[in-house]
A.B. asks: 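Take this structure, written in structure tokens, and hold onto it; I'll ask about it next.
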Number of protein chains: 2
Amino acid sequence: MNTPIRVVIADDHQLMLDGLKQGLNSLPDIRVVGTAVDGSTLGDVVASTEPDVLLVDVEMPGMSGISAISRLDDLPPTIVVTMHTAEAYGKSAREAGAVAFLSKALPLPDLAAAIRAVADGQHLFDRDLDQALADYRTPRLSTRAETITERERDVLRCLVQGISGTEDLADELYISQKTVKNHLASIYEKLSVNDRAQAVVEAMKLGLDRKW
Amino acid sequence: MNTPIRVVIADDHQLMLDGLKQGLNSLPDIRVVGTAVDGSTLGDVVASTEPDVLLVDVEMPGMSGISAISRLDDLPPTIVVTMHTAEAYGKSAREAGAVAFLSKALPLPDLAAAIRAVADGQHLFDRDLDQALADYRTPRLSTRAETITERERDVLRCLVQGISGTEDLADELYISQKTVKNHLASIYEKLSVNDRAQAVVEAMKLGLDRKW
DNA sequence: CCAGGAATAGGTCGGTAGACCCATAAAGCA
DNA sequence: TGCTTTATGGGTCTACCGACCTATTCCTGG
């Protein structure tokens, strides 16, 4: 599997932190490896986890996100988010070393796309976001998993829905039991597993139950 | 399964909305059935989904959370959350019909506990939160799933980690293959499934892989 | 003290899953 | 045109899984 993008997020609201963490971790290619609720602990977390991408809220008590990141020597590609649509902080965010500046009004998939974009070396400021993010909308899956075909996905989807018997799968997909077994064999090979139970685990990990 | 608590959440920040939705849906006993990004659409969403609990942010553009809920005739048990620790809105939230007033500084498990508490008829204002939420910390699972024993959970945990073969499970848990089969049989009965693949699906649905 | 549940383990047996071989029709692409 | 992939299907065989029944030990609650 392509190694997931390791992300650290900082926000003074624990609720936001927990929510974002859940949301981002639900994507197959992004892993939240650390969180911080204020600017002072952010440095330690970044130093110990060495994330690929840093995500910070501008509004933080004590030390603002901006000043917090400006005093990090080894700043990873950093996205600054704000509650306000205002561009007021944009300039200072850039000066502090951020490579992207976004609003919290964005939906989560867009944030995910932005994370992939900056992990890829892109900068996201004023420019048209929709266009800049276009290439990063779909999660980067492992090369093996990407070769999963239409019909094989049908089988996986059934598995995840709790249809696991060969006969049940055959009935559900209107194919012979033999074909089901063939598809399963292909799936096992592509996901590097060797039975239905492990296939379910992998499918869920990769998010094959949600997307497509 | 005990029917999950149906929740509608309103927040002007899409990111918060998506994050909370993910976080809450990851719990086995809470289901987010609707969301609203502003006060004006909130009414329609509540009317069409009829949630058990409503969760609204005070700070919303156009119409504040407070005024939005005060003009709903048929208000479900409602939790008002705020970014600020300030109690300023507390009184007006109560007057508008809310039964709880919380800070966004709370961690997600506490919010979940609060949701369970208000769904259960509790009111959560000034009082000591920790104590008020104590009874609602653990997710309410289905009665069958709650009888899953320690050792059976070990087996499930292994399954979810991709250890599915009888021999592998036996080695991992230092028990005989026969005992593994016994535990599996109990699990199947308690989760109403009939093989390892379905057990994995159920375990993940119930969140048995995360908790305990 | 005894009943009951949990964890451990043994046996048998039918059914099925997974591995390995193969074939054919259709579709996409060079 | 032919090569490759995909979807469909067949057969065989071994190993394994799941269902059913029993048993022992330990611990906890009444």
Side-chain angles (χ1 to χ4, degrees), chain A residues 138 141-206 208 211-212, chain B residues 138 141-206 208 211-212:
Chain A
T138 28
L141 297 178
S142 90
T143 42
R144 313 273 325 138
E146 271 178 0
T147 68
I148 297 268
T149 68
E150 181 70 28
R151 212 60 176 136
E152 285 159 4
R153 260 179 284 136
D154 290 340
V155 175
L156 269 180
R157 221 175 292 125
C158 288
L159 274 190
V160 171
Q161 281 164 23
I163 303 170
S164 56
T166 306
E167 188 173 4
D168 298 330
L169 288 165
D171 291 347
E172 183 70 23
L173 300 171
Y174 301 105
I175 52 182
S176 83
Q177 300 194 19
K178 194 59 204 52
T179 305
V180 170
K181 287 189 171 191
N182 288 338
H183 289 320
L184 282 171
S186 307
I187 290 170
Y188 297 158
E189 210 255 314
K190 289 174 183 176
L191 296 185
S192 308
V193 299
N194 38 48
D195 61 37
R196 288 140 144 99
Q198 291 177 13
V200 169
V201 174
E202 277 307 307
M204 289 187 145
K205 254 199 226 162
L206 295 172
L208 298 181
K211 279 147 275 296
W212 306 357
Chain B
T138 29
L141 297 176
S142 91
T143 43
R144 313 261 342 123
E146 270 177 2
T147 68
I148 297 268
T149 69
E150 180 71 26
R151 213 62 176 133
E152 286 159 5
R153 259 180 283 136
D154 290 339
V155 175
L156 271 179
R157 223 175 290 126
C158 288
L159 274 190
V160 171
Q161 282 165 22
I163 303 170
S164 56
T166 306
E167 189 174 2
D168 297 330
L169 288 165
D171 290 348
E172 182 70 23
L173 300 171
Y174 301 105
I175 52 181
S176 82
Q177 300 194 19
K178 194 60 206 54
T179 306
V180 170
K181 287 187 169 190
N182 288 337
H183 288 321
L184 282 171
S186 308
I187 290 169
Y188 297 158
E189 210 255 313
K190 289 174 183 176
L191 297 186
S192 308
V193 299
N194 39 46
D195 60 36
R196 286 139 145 100
Q198 291 177 16
V200 168
V201 174
E202 276 307 307
M204 288 187 144
K205 255 198 222 162
L206 295 172
L208 297 181
K211 279 148 279 294
W212 305 357

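Quick caveat, the model's predicted, so the values are computed rather than measured. Letters A, B, ... mirror the listed sequences (proteins, then strands); counts begin at 1.
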A.B. asks: Could you tell me how far apart B:Arg151 (CZ) and C:dG5 (C1') are, to the nearest whole angstrom?
C.D. replies: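 In whole Å, C:dG5 C1' and B:Arg151 CZ are 16 Å from each other.
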
A.B. asks: How long is the straight-line distance from OH of A:Tyr188 back to NZ of A:Lys181, given to the nearest 0.5 Å?
C.D. replies: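 Here the rounded value is 10.0 Å.
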
A.B. asks: D:dT5 P sits how many Å from A:Glu150 CD, rounded?
C.D. replies: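 After rounding, the reported distance stands at 19 Å.
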
A.B. asks: Hey, could you give me the CD1/CD distance between A:Ile187 and A:Glu189, rounded to the nearest 0.5 Å?
C.D. replies: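 One finds 11.5 Å between CD1 of A:Ile187 and CD of A:Glu189.
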
A.B. asks: Under the salt bridge (Lys or Arg N to Asp or Glu O under 4.0 Å) rule, collect the residues that match up with B:Asp168, sequence neighbours excluded.
C.D. replies: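 Partners of B:Asp168 by the salt bridge (Lys or Arg N to Asp or Glu O under 4.0 Å) criterion come out as none, since no residue qualifies.
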
A.B. asks: Respond yes when some side-chain nitrogen or oxygen of B:Thr149 is under 4.0 Å from OP1 or OP2 of C:dG5, and no when none is.
C.D. replies: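 Indeed not, no polar side-chain atom of B:Thr149 lies that close.
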
A.B. asks: When you get a sec, tell me which of C:dA9, D:dG10, D:dT6 is the closest nucleotide to the side chain of B:Ile175?
C.D. replies: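 Of the candidates, C:dA9 comes closest.
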
A.B. asks: Drop me the distance from B:Glu152's CD to B:Glu150's CD, to the nearest 0.5 angstrom.
C.D. replies: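 Rounded to the nearest 0.5 Å, the CD-CD separation comes out at 10.5 Å.
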
A.B. asks: Under 4.0 Å: is that the gap between some side-chain N or O of A:Ser186 and OP1 or OP2 of D:dT6?
C.D. replies: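 Indeed not, no polar side-chain atom of A:Ser186 lies that close.
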
A.B. asks: What is the distance, rounded to the nearest whole Å, between atom CG of B:Leu184 and atom C1' of C:dA9?
C.D. replies: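 Atom-to-atom, B:Leu184 to C:dA9, this comes out as 15 Å.
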
A.B. asks: Can you measure A:Ile187 atom CD1 to C:dA17 atom C1' for me and round it to whole angstrom units?
C.D. replies: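 Interatomic distance, CD1 of A:Ile187 to C1' of C:dA17: 14 Å.
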
A.B. asks: Of the options C:dA9, D:dA19, C:dA7, whose atoms approach the side-chain atoms of B:Thr179 most closely?
C.D. replies: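 Within the option list, the nearest is C:dA9.
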
A.B. asks: Are any of A:Ser176's side-chain N or O atoms less than 4.0 Å away from OP1 or OP2 of D:dG10?
C.D. replies: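 So the side-chain polar atoms of A:Ser176 do come within 4.0 Å of the phosphate oxygens OP1 or OP2 of D:dG10, strictly under.
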
A.B. asks: Using the side-chain contact (heavy atoms from CB on, under 4.5 Å) rule, take B:Val193 and B:Val201 through it: C-alpha gap first, then chi angles, then the decisive distance, then the call.
C.D. replies: CA-CA 10 Å; B:Val193 299; B:Val201 174; over 6 Å; no

A.B. asks: C:dA7 C1' sits how many Å from B:Tyr174 OH, rounded?
C.D. replies: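 The answer, rounded to whole Å, is 18 Å.
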
A.B. asks: Between N or O atoms, less than 3.5 Å apart, protein on one side and nucleotides 13-17 of chain D on the other: list the pairs.
C.D. replies:
from: D:dC17; atom 1: OP1; to: B:Thr166; atom 2: N; distance (Å): 2.9
from: D:dC17; atom 1: OP1; to: B:Thr166; atom 2: OG1; distance (Å): 3.0
from: D:dC17; atom 1: OP2; to: B:Thr166; atom 2: OG1; distance (Å): 2.6

A.B. asks: Roughly, in whole Å, what's the span from NE2 in A:His183 to C1' in D:dG10?
C.D. replies: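 Answer to the nearest Å: 15 Å.
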
A.B. asks: Which parts of nucleotides 21-30 of chain D does protein reach within less than 4.0 Å, heavy atoms only, written one letter per nucleotide 5' to 3' as B for base, S for sugar-phosphate only and - for none?
C.D. replies: ----------

A.B. asks: Start with the C-alpha distance between B:Ile148 and B:Leu206, add both sets of side-chain angles, then the distance that settles side-chain contact (heavy atoms from CB on, under 4.5 Å), and finish with yes or no.
C.D. replies: CA-CA 12 Å; B:Ile148 297 268; B:Leu206 295 172; over 6 Å; no

A.B. asks: May I have the distance from A:Leu173 (atom CG) to D:dT8 (atom C1'), rounded to whole angstrom?
C.D. replies: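 It works out to 13 Å between those atoms.
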
A.B. asks: Distance check needed: D:dC20 C1' versus B:Asn194 CG, whole Å only.
C.D. replies: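 Distance check: B:Asn194 CG to D:dC20 C1' gives 15 Å.
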
A.B. asks: If you look only at distance, which donor and acceptor atoms sit under 3.5 Å apart when one is on a side chain in residues 169-178 of chain B and the other is two or more places apart or in another chain?
C.D. replies:
from: B:Ser176; atom 1: OG; to: B:Lys178; atom 2: N; distance (Å): 3.2
from: B:Ser176; atom 1: OG; to: B:Thr179; atom 2: N; distance (Å): 3.2
from: B:Ser176; atom 1: OG; to: B:Thr179; atom 2: OG1; distance (Å): 3.2
from: B:Lys178; atom 1: NZ; to: B:Asn182; atom 2: OD1; distance (Å): 2.9

